[in-house]
**Q** 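Take a look at the following structure, please.
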Amino acid sequence: MSESIIQMKEVNKWFGNFQVLKDINLEVKEKQKIVVCGPSGSGKSTLIRCINRLEEHQKGQIIVDGNELSEKTKDIEKIRAEVGMVFQQFNLFPHLSILDNCTLAPIWVKKTPKKKAEEFAMKQLEQVQIADQAAKFPGQLSGGQQQRAALARALCMEPKIMLFDEPTSALDPEMIKEVLDAMVNLAKAGMTMIVVTHEMGFAKEVADEVVFMDEGMIVERAKTKDFFANPKNERTKLFLSQIL
Amino acid sequence: MNLRIKSIIPQLLTLLFVVAVIGFFTINAQLNMEERGIDFGYGFLNQESSFDVQFSLIEYDGSHSYAKAYLVGLLNTILVSVLGIIFCTIIGVIVGIARLSPNYLIRNTAAWYVEFFRNVPLLLQIFFWYYAALRALPLPENTEPLFGVTYLTVKGYYIPRLIWENFDILIYSILAAIISIIFIRNYARKLQEEKGQQLPVLLISVGLLLIFPGITFITGMVQLDVSLPVLKQLSKTSFIYAEGISVPPELIALVLALSLYTATFVAECVRAGIQGISKGQKEAAASVGLTPNQILKLVIMPQALRIIIPPTTNQYLNLTKNSSLAAAIAYPDLVLVFAGTALMQTGRAIEIVSITMLTYLTLSLSISILMNWYNKKIAIKEK
Amino acid sequence: MININILKPTSSNFQTYLYIGSALIFIGIFDVFLRSFFNINYLTFLPDSLNLFFPLIIGLVGLQMIRLEYSGNRIVDKINQNINNNSFNAGLTLIIIFLTLLVIPPALDWMILEATISGDTKEACVATEGACWTYIKVWFRRFMYGMYPNDFHWRINTAFIVLIAFAFVGYFMRGKLKNYITFYYAILYPIIAFIIINFLISGGSFGLEWVETNAWGGLSLTFIVSFFGLIFCFPLGMILALGRRSELPIIKYISIGYIEFWRGVPLITVLFMSSVMFPMFLPSDAFVDKLIRVIAAIILFEAAYVAEVIRGGLQALPRGQYDAAKSLGMGYWKMQIFVILPQALKLVIPGIANTFLALVKDTPLIFVVGLSEVVGMLQMAKTNPKWLGYAMEGYIFASILFWAICYAMSKYSQYLELKYKTER
Amino acid sequence: MLRTLKALVYLLTSIALLVSFETSAFAKKSKTLKKTQKMGFVRCGVSQGLPGFSNADASGNWTGVDVDLCRAVAAATLGDSGKVKFFPLSAKERFTALTSGEIDVLSRNTTWTLSRDADIGLTFVGVNFYDGQGFMVRKSSGITSVNQFKAGVSACTNLGTTTELNMRDFFNSKGIKYEPVTFEKADEVVAAYDAGRCDTYTTDKSGLAAQRIKLSKPDDHIVLPETISKEPLGPVVRQGDAVWEDIVRWSLNVMIEAEEYGITSANADSMKSSDNPAVKRLVGAEGELGAAFGLDNDWSLRIIKQVGNYGESYKRNIADTGILPDRGPNQLWTKGGILYVPPAR
């Protein structure tokens with residue numbers, strides 16, 4: 001339990017001449033739920049995208065489940081299979097049905113028999129309450145349904161860690177709730193989660209800790225209660241006053 | 001009632017107009033033909049054609065009928081179209097991908113190629129290849145071999161001919177390989193569904209396709225001889241290469257021009273198809289642990305092909321229609337053989353031109369019907 | 001493996017690597033340069049294959065040595081990002097550079113240095129290896145004006161200048177006149193154009209000598225054919241597109257039949273039909289000039305393509321536009337003219353421009369029915385016994401000519417597309 | 001709506017009128033002649049350039065024996081040999097252009113064959129040049145006879161001509177496999193032969209002779225002595241207008257007969273006072289020869305005066321240009337040739 005499942009040490013990243021991440025240090029323990037917030041452009045998304053190496057950091061160390069991520073890392077796919085991700089724009093595969101979206105990776109990556117994969121996928125779909133939509137195609141579903149399908153797709157790989165990149169910001173208000181509910185259920189089941197979001201209600205309800213980022217740096221990291229009750233940094237206070 | 005009249009009258013008028021125009025033309029044609037003693041009919045198709053064709057895929061000489069000459073022309077048209085389609089696809093895909101390359105030089109070379117070849121009339125390009133480029137080639141006796149055994153000369157491209165013995169056994173072996181591949185595919189699917197094991201189906205398929213015919217060779221049931229082109233003297237100064245296959249320069253020029261021209265359009269289709277897939281798709285696929293090859297095969301290609309195939313088929317159709325320009329450089333295609341020589345020898349302009357047009361029309365309509373059906377089938381379903 | 005690690009720079013030793021790498025790349029390029037420009041090869045002592053690939057190998061090593069992300073040197077960063085991101089790309093980069101170096105000298109030699117433009121006969125070109133631009137010079141008037149009598153070329157020039165001038169009239173229409181701009185371009189301008197071409201180029205009255213259409217040719221004929229093609233195929237295409245979208249079945253199916261027919265047959269057969277067979281379908285004492293028949297055929301043919309493009313635009317318009325227009329009590333024609341077509345046409349500008357481009361590129365086809373525009377004149381000049389053997393020059397000349405016209409057109413359409421995109 | 005209806009009715013009636021006019025128009029006078037006189041010029045199909053037969057110079061003036069026939073018809077029907085509109089046609093287009101009504105006379109070194117005459121709505125009116133098919137080869141090849149051709153020989157020729165058919169018969173009879181390369185335009189054939197695409201160029205011997213002098217070095221090429229076919233070349237008209245057919249036929253015959261009787265463009269006027277009634281008839285001083293065609297009596301005189309007799313035409317176009325100085329079979333029957341025409345009386 002003491003061993004951190006994610007360790008980031010002095011992580012730096014540039015886009016051209018622009019530095020997006022500055023000396024990031026972050027440790028996440030198993031079953032911890034962390035919410036990352038901050039103004040747009042502060043590097044939140046880049047931070048979590050570095051964790052499954054959708055973005056490559058240029059300096060520093062990132063260790064996920066005991067594997068260091070670097071150019072030399074072979075089988076990056078194996079690490080990615082352990083780390084599920086939900087995107088802002090859902091990114092479901094439009095040419096596959098919801099069920100096929102869910103079974104694609106289990107079949108091809110984990111070599112699960114198709115029948116087993118389908119059974120398992122149906123379970124996950126039931127969890128997020130869209131089992132009745134399994135045969136439909138992404139384009140036929142509403143935003144909220146699509147996002148839940150995307151969540152189910154990630155869960156089908158039985159990941160150890162789940163990353164959420166603003167999962168609700170592309171949704172209409174009435175759909176936000178259904179996605180958040182699914183995420184709350186997941187949290188209660190004991191998943192390690194890092195969530196980039198502006199939904200402070202969600203943060204208060206599930207997060208163990210909240211990380212506030214600005215200009216590529218971690219400005220403040222605190223237990224949820226402390227974070228909302230008495231933020232220490234001026235910028236955090238300003239941010240909270242604007243968002244709440 | 002009022003509404004019905006409102007919708008019937010314009011229709012009636014249009015119909016009348018069309019009937020009147022068609023009627024006007026047919027009546028005139030009938031009168032003119034009657035007066036000039038021309039009869040109308042397709043009986044000539046059975047007559048002996050009595051002209052030879054430079055190049056034919058099936059056995060044909062002047063003692064066959066005009067109908068057979070038509071077939072010769074049609075097959076030559078199909079040959080040049082198929083070759084053109086193959087080459088324009090290869091070039092087009094490479095150039096289309098190159099246009100998205102991160103390499104500045106490659107990207108711009110590809111862009112330059114597209115801008116140039118697309119903006120020069122096809123007829124001019126055909127003429128260029130035939131009259132300027134291929135005409136500048138050396139005579140057979142002065143030609144240096146290309147790839148050791150082939151000769152590119154002003155009279156054509158001479159390549160070795162393959163002589164098969166028991167060719168039918170080879171075909172059977174390939175058929176057997178295909179059948180066993182189908183079985184293995186089914187088995188592989190079942191294996192996956194039940195046990196999760198995955199067989200390298202593609203590798204096995206290729207292997208079988210090589211092994212089955214290979215066995216027939218090893219056991220000596222099928223034999224292959226290669227007859228190389230040999231320089232043959234016809235007179236003091238004129239030579240040809242005999243024994244091999246001679247690809248006429250007309251065909252080379254036509255295929256070159258058609259594929260280089262059409263490839264620019266295919267390249268644009270490919271580029272649009274690849275660009276049409278959002279970065280998010282790739283990231284999502286990567287985030288669930290698919291390898292780059294799997295991402296390409298399972299996520300990118302199926303989507304890109306849906307965008308690429310319909311406009312590309314259109315370009316293939318255009319290529320086929322454009323192959324009729326063959327008539328300008330003496331390649332014996334449908335237009336040259338049938339709407340050219342045959343029309344000339346029989347004088348039956350209306351019959352022959354109508355058959356020619358109908359042939360192209362059937363070709364393109366059937367392909368576009370097929371495409372519409374295919375598009376509907378693969379269309380990404382939405383609300 | 002070790003080898004590659006040695007070649008890999010780190011930020012500490014980068015300066016040294018940069019110097020060595022650049023030197024190697026320079027040597028590679030210089031070697032190719034010497035070989036192609038001066039035909040000097042210093043490396044003959046190497047085995048043949050190594051000799052051939054030496055520049056490529058040395059260049060690859062050099063590029064490998066300077067490949068470091070965020071080196072701090074701006075130029076090197078640019079190079080690394082754009083043409084040197086990995087070994088594969090580096091190889092392609094070198095191949096392209098070397099090929100360019102290899103192609104330029106002979107091309108330059110042929111086209112400029114060794115070329116001839118003096119003299120008026122083939123003899124002027126016999127001495128050189130290079131291009132014979134004399135050929136183009138001698139035949140230039142033919143390429144531009146066809147067999148049109150030399151003394152009357154001013155008539156063609158004047159006609160085109162006047163036509164262009166009239167084309168710009170719409171540009172200056174302001175205020176109330178602006179309402180008539182469509183009418184001007186759709187109806188008045190074609191009539192004016194026809195009158196000008198009929199009286200000035202064709203002649204036969206006002207003391208101008210009659211010049212048969214047989215004699216017309218060259219680039220001016222290309223312009224005339226494309227000009228009338230463009231003007232007339234557009235309205236016809238528009239009517240067909242509306243017809244195909246019509247709710248009245250007969251009109252709809254007639255339009256579909258028309259469009260699919262013309263799109264299914266090659267232009268060359270259509271031209272052949274119009275040029276030699278069409279009189280058969282006319283009363284025996286009617287006579288229509290061949291050029292007019294050919295232009296008509298091109299119009300009928302291209303209109304089908306224009307119709308399909310416009311139909312795409314009509315389909316892309318949201319239903320709401322139709323509903324809104326109907327709710328305002330507009331009839332079918334009012335709705336189409338004032339609401340639907342203006343929007344749909346804006347949408348399809350690039351498509352229509354492409355069709356027009358195709359039309360211009362199709363004009364050389366009239367050569368197969370005996371009308372000689374530029375390409376036709378080229379064929380004639382090339383087979384002229386006095387000038388046999390200069391086909392290449394002619395085709396290069398015509399290619400550049402057509403490329404310039406079509407490229408300008410496509411750039412203009414891209415500009416229009418951009419302009420209307422922002423306006424929406 | 002009413003207006004469109006009116007327009008349509010108008011259109012339909014006009015079409016109906018046109019059609020009925022069409023059917024009732026079987027007048028006695030030649031329709032083609034009437035139309036020609038209305039238009040003011042003869043529409044004559046010629047080749048796209050064959051020296052000696054029909055060839056245009058840089059300023060568009062046509063010359064040649066085929067062209068002279070067109071001029072003769074114009075002189076006869078319109079009174080002025082200059083009133084001809086020439087339609088340069090490829091071999092492929094020529095018959096369709098004639099039957100469709102694009103042209104009224106086809107005078108384009110066309111071989112008279114049974115199937116052409118009988119089958120496709122054409123009528124041959126006579127022969128203005130007796131020819132035969134031959135082969136041209138490069139002198140350096142050492143070939144001096146058609147018997148030296150070997151299998152694999154490639155032969156260039158014109159598309160859709162009798163040449164193409166004769167060539168097949170010839171090579172088949174010799175049992176030689178050959179490669180036919182056919183182009184639409186004669187110039188392309190010559191260029192292909194010149195570039196070495198083909199080993200031999202085959203067409204009518206007159207055509208070979210004409211094309212040979214067009215080549216850059218005529219002396220590098222020879223026409224082989226053998227003649228492999230009969231090629232009677234002559235003018236063609238559409239079927240269905242017998243009077244027009246007669247006009248063209250007799251325009252040709254008059255030129256040949258004029259030579260027989262020694263009437264030339266120079267002496268035609270003075271021949272009016274000749275003692276020979278045949279001569280007098282030819283120059284319109286006696287008889288009413290033109291009436292049968294609906295022409296005046298001077299029609300033949302105009303032909304001779306403006307165009308000249310056959311001999312003059314031949315000399316001017318073929319002999320003096322060095323194509324075929326020897327008239328061979330195209331000599332009058334009285335001088336050992338086979339030119340023999342029915343008497344004009």
**Q** Are C:Pro283 and B:Phe24 close enough that some pair of their side-chain heavy atoms sits under 4.5 Å apart?
**A**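 Answer yes - side chains close enough.
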**Q** If you measure from CZ on C:Phe281 to CD1 on B:Ile27, what distance do you get to the nearest 0.5 Å?
**A**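 One finds 13.0 Å between CZ of C:Phe281 and CD1 of B:Ile27.
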**Q** Would a 4.5 Å heavy-atom cut-off, applied to side chains only, mark C:Phe261 and B:Met357 as touching?
**A**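 SC-SC contact between C:Phe261 and B:Met357 confirmed.
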**Q** Compile the donor-acceptor pairs, distance criterion under 3.5 Å only, formed between chain B and chain C.
**A**
residue: B:Gln11; atom: OE1; partner: C:Ile250; partner atom: N; Å: 2.9
residue: B:Asn28; atom: ND2; partner: C:Phe281; partner atom: O; Å: 3.3
residue: B:Asn32; atom: ND2; partner: C:Met280; partner atom: O; Å: 2.7
residue: B:Asn32; atom: ND2; partner: C:Leu282; partner atom: O; Å: 2.9
residue: B:Asn103; atom: ND2; partner: C:Asn89; partner atom: O; Å: 3.1
residue: B:Asn103; atom: ND2; partner: C:Thr93; partner atom: OG1; Å: 2.6
residue: B:Tyr104; atom: N; partner: C:Asn82; partner atom: O; Å: 2.8
residue: B:Glu115; atom: O; partner: C:Trp403; partner atom: NE1; Å: 3.3
residue: B:Arg118; atom: O; partner: C:Lys361; partner atom: NZ; Å: 2.7
residue: B:Tyr261; atom: OH; partner: C:Lys361; partner atom: NZ; Å: 3.1
residue: B:Lys321; atom: NZ; partner: C:Arg263; partner atom: O; Å: 2.4
residue: B:Lys321; atom: NZ; partner: C:Tyr305; partner atom: OH; Å: 3.0
residue: B:Ser364; atom: OG; partner: C:Gly264; partner atom: O; Å: 3.4

**Q** Below 4.5 Å, heavy-atom pairs only: which of B:Leu122, B:Ile350, B:Leu365 has the largest tally toward chain C?
**A**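 The option with the most such pairs is B:Ile350.
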**Q** Does any heavy atom of chain B fall under 4.5 Å from the side chain of C:Ile254, the backbone, both, or neither of them?
**A**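 Just the side chain, heavy atoms under 4.5 Å.
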**Q** Heavy-atom distance under 4.5 Å to chain C: side chain of B:Leu343, backbone, both or neither?
**A**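 For B:Leu343, the side chain is the part near chain C, not the backbone.
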**Q** Identify the two heavy atoms, one from C:Pro364 and one from B:Pro121, that lie closest to each other, and give their separation to 0.1 Å.
**A**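 Between these two residues, the closest heavy atoms are CG-CB, 3.8 Å.
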**Q** Kindly indicate, with the supporting measurements, whether the criterion side-chain contact (heavy atoms from CB on, under 4.5 Å) is fulfilled by B:Leu325 and C:Leu365.
**A** CA-CA 8 Å; B:Leu325 293 182; C:Leu365 286 192; 2.9 Å; yes
**Q** For B:Leu123, is it the side chain, the backbone, both or neither that has a heavy atom under 4.5 Å from a heavy atom of chain C?
**A**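 B:Leu123 touches chain C through side-chain heavy atoms alone.
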**Q** Less than 4.5 Å to any heavy atom of chain B: does that hold for the side chain of C:Met277, its backbone, both, or neither?
**A**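 For C:Met277, side-chain heavy atoms alone lie under 4.5 Å from chain B.
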**Q** C:Leu99: which residues meet the side chain to side chain contact (heavy atoms under 4.5 Å, CB included) condition with it, sequence neighbours left out?
**A**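 Listed in chain order: C:Ile95.
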**Q** So which of C:Leu92, C:Ile250, C:Val360 has the biggest tally of heavy-atom pairs under 4.5 Å with chain B?
**A**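 So the answer, after comparing C:Leu92, C:Ile250, C:Val360, is C:Ile250.
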**Q** So how far is it from C:Leu282 CG to B:Leu31 CG, rounded to the nearest 0.5 Å?
**A**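 Between C:Leu282 CG and B:Leu31 CG, I get 12.5 Å after rounding to 0.5 Å.
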**Q** Working to the nearest 0.5 Å, report the span between CG of C:Leu248 and CD1 of B:Ile8.
**A**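 Between C:Leu248 CG and B:Ile8 CD1, I get 10.0 Å after rounding to 0.5 Å.
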**Q** With chain B as the partner, which of C:Ala404, C:Cys406, C:Gly243, C:Pro266 has the greatest number of non-hydrogen pairs under 4.5 Å?
**A**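 Looking at each option in turn, the highest pair count goes to C:Pro266.
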**Q** Check each atom of B:Leu358 against the heavy atoms of chain C and say whether the ones under 4.5 Å are side chain, backbone, both or neither.
**A**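 No part of it gets close to chain C.
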**Q** Give, for atom CD1 of C:Ile96 and atom CG of B:Leu105, the distance between the pair rounded to the nearest 0.5 Å.
**A**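 Rounded to the nearest 0.5 Å, the CD1-CG separation comes to 5.5 Å.
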**Q** Quick check: do B:Leu124 and C:Leu378 have side-chain heavy atoms less than 4.5 Å from each other?
**A**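 Side chain of B:Leu124 against side chain of C:Leu378, heavy atoms only: contact under 4.5 Å found.
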